[in-house]
Amino acid sequence: MEVYLDHAATTPIHPEVLVAMQPYFTEQFGNASSLHKWGREARKAVDLAREQIADKLNIMCREVIFTSGGTEANNWAIKGVAFTREASGLKGHIITQKTEHDCVLNACKWLESRGFAVTYLDVDEFGMVNPEDLKSAIRPETFLVTIMHANNEIGTVQPLKEIGQVIKTANPAILFHTDACQSFTKEPLNLKDLNLDLITINSHKIYGPKGVGALVVKQGTKLVPLLHGGGHEFGHRSGTINVHGIMGFGKAVSLASPEKNRHMQTLRDHLIKRVLAEIPGALLNGHPTQRLVNNTNFSFPGVEGEALLLRLDAHGIAASTGSACSSNTLEASHTMMAIGRKPELAHASIRMSLGWENTLEQMDYVVEVLKDEVKQLRSMSATWRRE
Ligand SMILES: Cc1ncc(COP(=O)(O)O)c(C=O)c1O
């Protein structure tokens, strides 16, 4: 049996997404900026996708600015706001937290090297930011808070509503950005209710193509562009528009549904329940309830996560250790360290992230394989207590 459980790294392209994209590779190949028929057809496709995304988020079409993905959108949100501030002769202070995706953390570190101050908030053992800590960290010169919606490794969903209230009560001029790459279409997300100014989303976590994303920019938000050129995307982001990718992104968004989310959640709960009940010493990483509908992440003391991953692979099961971006380094995941897991427990962790096509039968197969492989690996471990 083949079981793909790495949807947090990327999903397959849904067949209906592929069908929607195909004409824009061939007969409808036009440049969306051209005035002729081919150009107009391409523009129509981009307009439709923008509308599908805007509808999902209950925002205006003009607030959706397409990018090459989540990494670009996060970099643009953070550097764009910082450069806007710098343009008025000021540096200032940014607040983020320790379990952000590397593209957020490294953009912040780079800004630190250019004279900006950054606070990296601690999280609790479940990966949650405490809004009170945020309140204490806000300074008169704070101009941006960037806190992810849901974590890519442990699935913890942050209390964005409380965080938004703390920020805007302290100082309405502070901009609030969230990286919603993992949560988009899976968790309710509303610019107004959450006091957000900027939201990063992408396509390849939701059955769309890779290399496409968007930054949602609330109307009136001042943001210096990172890419200068012909003034595409309402002057925000230049470059010939990725028509087929954007078309696929829009279609993928239109296919997401509460039923599909409920399906993933049922599988998630089944997997968590069986693993914790049937594998001695298994620990769940992340929040027990405030977690993404498709995320599971376990530590199996006495087991090397990489070794387990390879054994699962041999049984046709795809999982991951840490995030896809950091899984080829030997360092313990920064997220596991931030939630206080000891390095040996961090290295003993695997993430299994679910998708629309997974089944209950697959979950049962995975549990049986896990039980067996964890037992075998522990029998070879010098540190694991003998059962
Ligand atoms: C939380 C989070 N942010 C950002 C990214 C980067 O997105 P992209 O792969 O579209 O650049 C990812 C995906 O790897 C992610 O999980």
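Counting starts at 1 for both ligands and their atoms, following the listed order. Since we're looking at a predicted model, the values are computed, not measured. One-based numbering along the sequence shown.
Between Phe249 and Phe66, the ring planes lie perpendicular to each other; the angle is over 60°, past the 30° to 60° tilted range.
Of the options Asp179, Thr200, Thr71, the smallest heavy-atom separation from atom 6 (C) of ligand 1 is shown by Thr71. Of the listed residues (His101, Lys210, Lys205), the one carrying the non-hydrogen atom nearest atom 13 (C) of ligand 1 is Lys205.
Within ligand 1, the atoms closer than 4.0 Å to a non-hydrogen atom of Asn202 are 7 (O), 8 (P), 10 (O), numbered from 1 in the order shown. Near Asn74, the atoms of ligand 1 lying under 4.0 angstrom from a non-hydrogen atom of the residue are 3 (N), 4 (C). Taking every non-hydrogen atom of Gly69 and a distance limit under 4.0 Å, the qualifying atoms of ligand 1 come out as 10 (O). Residue His204 approaches ligand 1 through these ligand atoms, each under 4.0 Å from one of its heavy atoms: 8 (P), 9 (O), 10 (O).
Heavy atoms from other residues, nucleotides or ligands lying under 6.0 Å from NZ of Lys168 number more than 12. More than 12 heavy-atom neighbours from other residues, nucleotides or ligands sit within 6.0 angstrom of CD on Glu259. Taking a 6.0 Å sphere around NZ of Lys56, one finds it holds more than 12 heavy atoms contributed by other residues, nucleotides or ligands.
Under a 4.5 Å side-chain heavy-atom criterion applied to ILVMFWY residues, the cluster that includes Val157 comprises that residue alone.
Atoms OG1 and NZ, from Thr335 and Lys98 in turn, are 12.0 Å apart once rounded to the nearest 0.5 Å.
Residue contacts with ligand 1: Gly70 is placed with a nitrogen or oxygen under 3.5 Å of a nitrogen or oxygen of the ligand (distance criterion only).
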